[in-house]
**Q** 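Sharing a structure here in structure tokens format.
Values below: all heavy atoms of this structure, side chains included; hydrogens, waters and symmetry mates excluded.
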Amino acid sequence: MADTNYTITGVNGPVVTVTGGRSLPKMSLVRVGELRLPGEVVSVHGMDSVVQVYEDTAGLMAGQPVYPTGQPLSVMLGPGMIGTVYDGIARPLAAIESMAGCFITRGVDLPALDTERKWDVTVELKNGDAVTGGEIFARTRESGAVEHRCMVPPNVSGTIEDAKPSGAYTVTEPVAFVADGHGGRTPLTLAQIWPVRRPRPAKKRLRIDRPLFTGQRVIDALFPVGKGGCAAIPGPFGAGKTMTQHQLAKWCDADIIIYLGCGERGNEMTQVLDEFGELVDPKSGQSLMERTILIANTSNMPVAAREASIYTGMTIAEYYRDMGYHVALMADSTSRWAEALREISGRLEEMPAEESFPAYLPSRLAGFYERAGYMETLGGGEGSVTVVGAVSPQGGDFSEPVTQNTRRYIGTFWALDRSLAYARHFPAINWNTSYSEYFRACAGWYEEHYGAGFGELRARMMQLLNEEANLQEIVKLIGADVLPDDQKLVIQTARVIREGFLQQNAFHKTDTYTPPEQQMAMLQVIMRLYDRGRELVARSIPLSQLESTGVFADLCRMKFGLGEGKTREDYMALVDGAADGVMEANV
């Protein structure tokens, strides 16, 4: 940091040109100007280096010094991250507020972890033990819901020496040393530092064969995302992207939630902070923040930090994956991240591609989503990172570059529909344009948890929805009254599926989450209604008689009744009673 041979020669927004001595190493971290603003070298041209600065560059002038660090942009990983709110480059916002007030002072340099707090640590290794990267050498209770498993850094192996007994340690105190057999000794501390742009290694990528269960019926039954897979939620403003991600964060069966607000409005991030602090984790009965990490990089924060924020979030997710946890990363939204890429690319005077996005947009998206996966960790356990990325196409146009390139690297596509959102149908996932490539791979899990025959029920439900979509085109032209009863039955059953199964109230105490067995029961009852209706139509009994019994309306409210004491058998008897009554009346 004492080397001041480098000076600023040009400032263009967040992009600063630096010269002096040898060029700076690409992707290395530097401190720019008198305030020592953090920045990253993004390109090198001869003796000149181009730096993207992660803070407001107002006041920087040519001739001011630049201080190289020789290290890449990295994050300190260790106990204390759970429940913390970070900015895009992993600085703890609460610590910044206590030091500098409500507004972030430029040039603040704080580690991601509290280096003075002591943790009650159980040391599990002893002198003479052979260790390799990824092995757990100590444990501590990070929160009421999460045990922190301190691991040997991935690139370290050897023999344990000078192991300390269990006790209270800070994240920087050595708990033991690893001798490599060649005279080198590496201290083992509770924390480790890792470059955010480098994926953390794993032993092997495993096959995805189970879904990330969310309790949201339209997702779990129709368009699941595999645990360790990738999903995208594209949709226009107001379609419910953020609310859907909130529901997933609260109810999905991941162990750790990382919510990344990338370029979102400040009021939305405020809502996230308020709600997550008040929500009760249904798993542990404690606050949801006991297993959540928030990264807040709002739209008014420096654009370069927005570009780095998704890598910060992914690195933290991989770290907990390596402990053997299943992590869900909610990125809201990747469109704002792509816009940051576009702005920086323009400042760098790079050749633009489609809609002025940089030509390397697809490769950057691929590099982000490919870091998800279900892995065998270096320590021999299993962990996963599931990525759910929101996409905000301008005007809801799914043909724009970010949405189209995202579809190349994901397995689940939850297309939000503005018309469904305006009709108060939430989640506003359009069942005709959404898809999932994970259902077939997870078929065994569904048979085990939902019951035998679920795949057939799901296929029948999708067929009815597709038939209804085709029939609605006819209804728009000539009306529903002229349709034959068998087609009216399709429309009425599809309405029950839409209103009684796919529509879900996030604020209702029983409807907000639906377990697998209840979802299966609902589908069985709906299909029983359809089959009994076909029996009546086959006997030339008017469908209107079955409608007059009110059974279709009753099944639309079944999602509330099943959560309040009624059973599958009760609704089966209701359907059979209505159908039998109509049949007897026509004998």
**Q** Quick test of your reading of the model: are Asp253 and Lys227 salt-bridged, counting only N-O distances below 4.0 Å?
**A**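 Yes, charged N to carboxylate O under 4.0 Å.
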**Q** Can you list the steps and then say if Glu307 with Arg197 is a salt bridge (charged side-chain N to carboxylate O under 4.0 Å, His left out)?
**A** CA-CA 11 Å; Glu307 187 273 335; Arg197 298 185 188 274; 2.9 Å; yes
**Q** Do Glu142 and Arg291 pass the salt bridge (charged side-chain N to carboxylate O under 4.0 Å, His left out) test, and can you show the C-alpha distance, the side-chain angles, and the key distance before you say yes or no?
**A** CA-CA 9 Å; Glu142 185 171 6; Arg291 62 181 181 97; over 6 Å; no
**Q** Donor-acceptor pair, Arg342 side chain versus Glu355 backbone, under 3.5 Å?
**A**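 Yes: the side chain of Arg342 pairs with the backbone of Glu355.
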**Q** Is any NZ, NE, NH1 or NH2 atom of the basic residue among Arg557 and Asp511 found under 4.0 Å from an Asp or Glu carboxylate oxygen of the other?
**A**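 Not counted as a salt bridge, because no side-chain N and carboxylate O are separated by less than 4.0 Å.
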**Q** Looking at Trp337, does the NZ or CZ of Arg306 lie under 6.0 angstrom from its six-membered ring centre and within 45 degrees of the ring axis?
**A**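 Verdict for Trp337: no cation-pi partner in Arg306.
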**Q** Kindly determine whether Phe426 and Met243 satisfy side-chain contact (heavy atoms from CB on, under 4.5 Å), including the steps that lead there.
**A** CA-CA 9 Å; Phe426 292 104; Met243 180 57 69; over 6 Å; no
**Q** How about His148 and Tyr319: are their ring centroids closer than 6.0 Å?
**A**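 Yes, close enough.
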**Q** How long is the straight-line distance from CD1 of Ile491 back to CG of Asp486, given to the nearest 0.5 Å?
**A**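 Going from CG on Asp486 over to CD1 on Ile491, the span is 10.5 Å.
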**Q** Could you report the tightest heavy-atom contact between Leu361 and Ala338, atom names first, then the distance?
**A**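 Taking every non-hydrogen atom into account, CD1-CB, 3.9 Å.
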**Q** Would you verify whether the NZ or CZ of Arg407 falls within 45 degrees of the ring axis of Phe398 while also being under 6.0 Å from that six-membered ring's centre?
**A**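 The answer is no, since Arg407 fails at least one limit relative to Phe398.
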**Q** Per the ring-ring contact (aromatic ring centres under 6.0 Å, His included) rule, what does the pair list look like for residues 218-248, sequence neighbours excluded?
**A**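 The answer is His246-Tyr259, His246-Phe276.
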**Q** Which heavy atom of Ser434 sits nearest a heavy atom of Ala415, and at what distance?
**A**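 Looking at all heavy atoms of both residues, the shortest contact is OG-N, 2.9 Å.
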**Q** Please check if the number of heavy atoms outside Gln394 that lie under 6.0 Å from its CD is greater than 12.
**A**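 Incorrect, the count does not exceed 12.
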**Q** Could you tell me whether the side chains of Glu400 and Gln404 share a donor-acceptor contact shorter than 3.5 Å?
**A**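 Short answer, no.
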**Q** Please confirm whether the backbone N or O of Ile82 pairs with a side-chain atom of Ser143, one donor and one acceptor, at under 3.5 Å?
**A**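 Pair absent, no side-chain N/O of Ser143 close to backbone of Ile82.
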**Q** With Lys559 as reference, evaluate Gln504, Gln519, Arg217 under the side chain to side chain contact (heavy atoms under 4.5 Å, CB included) test and give the passing residue.
**A**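 Among Gln504, Gln519, Arg217, the one meeting side chain to side chain contact (heavy atoms under 4.5 Å, CB included) with Lys559 is Arg217.
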**Q** Are Arg498 and Glu468 close enough for a salt bridge, meaning some N to O gap below 4.0 Å?
**A**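 Salt bridge present between Arg498 and Glu468.
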**Q** Go through the steps for Arg458 and Glu456 under the test salt bridge (charged side-chain N to carboxylate O under 4.0 Å, His left out), then give the verdict.
**A** CA-CA 5 Å; Arg458 175 182 181 270; Glu456 181 181 353; over 6 Å; no
**Q** Does a salt bridge link Arg149 with Asp322, judged by any charged N lying under 4.0 Å from a carboxylate O?
**A**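 Salt bridge absent between Arg149 and Asp322.
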**Q** Kindly check if the number of other-residue, nucleotide or ligand heavy atoms within 6.0 Å of CZ (Arg539) is above 12?
**A**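 Count not over threshold, so no.
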**Q** Could you tell me whether the side chain of Met522 reaches within less than 4.5 Å of the side chain of Leu562, counting heavy atoms only?
**A**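 With C-beta onward as the side chain, the pair touches.
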**Q** So, for Tyr374 and His326, is the gap between ring centers shorter than 6.0 Å?
**A**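 Yes - the distance between ring centres of Tyr374 and His326 falls below the 6.0 Å cut-off.
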**Q** At what distance, to the nearest 0.5 angstrom, does OH of Tyr369 lie from CG of Asn405?
**A**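 It comes to 11.0 Å.
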**Q** Give a yes or no on this: more than 12 heavy atoms of other residues, nucleotides or ligands lie within 6.0 Å of atom CG of Asp481.
**A**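 Open.
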**Q** Is a salt bridge present between Lys204 and Glu382, judged by a nitrogen-to-oxygen distance below 4.0 Å?
**A**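 A salt bridge is absent here (no side-chain N lies under 4.0 Å from a carboxylate O).
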**Q** I'd like to check the salt bridge (charged side-chain N to carboxylate O under 4.0 Å, His left out) partners of Asp255; sequence neighbours left out, ordered by chain and number.
**A**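 Asp255 satisfies salt bridge (charged side-chain N to carboxylate O under 4.0 Å, His left out) with no residue once adjacent residues are dropped.
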**Q** Output yes when Arg321 and Glu376 qualify as a salt bridge under the 4.0 Å nitrogen-oxygen rule, no when they do not.
**A**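 So Arg321 does not pair with Glu376 through a salt bridge.
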**Q** Listed by chain and number, what are the side chain to side chain donor-acceptor pair (under 3.5 Å) partners of Thr512, not counting sequence neighbours?
**A**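 If we apply the side chain to side chain donor-acceptor pair (under 3.5 Å) test to Thr512, skipping adjacent residues, the hits are Gln247, Trp251.
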**Q** Apply side-chain contact (heavy atoms from CB on, under 4.5 Å) to residues Val196 and Met314 and explain how you reach the verdict.
**A** CA-CA 8 Å; Val196 299; Met314 182 59 78; over 6 Å; no
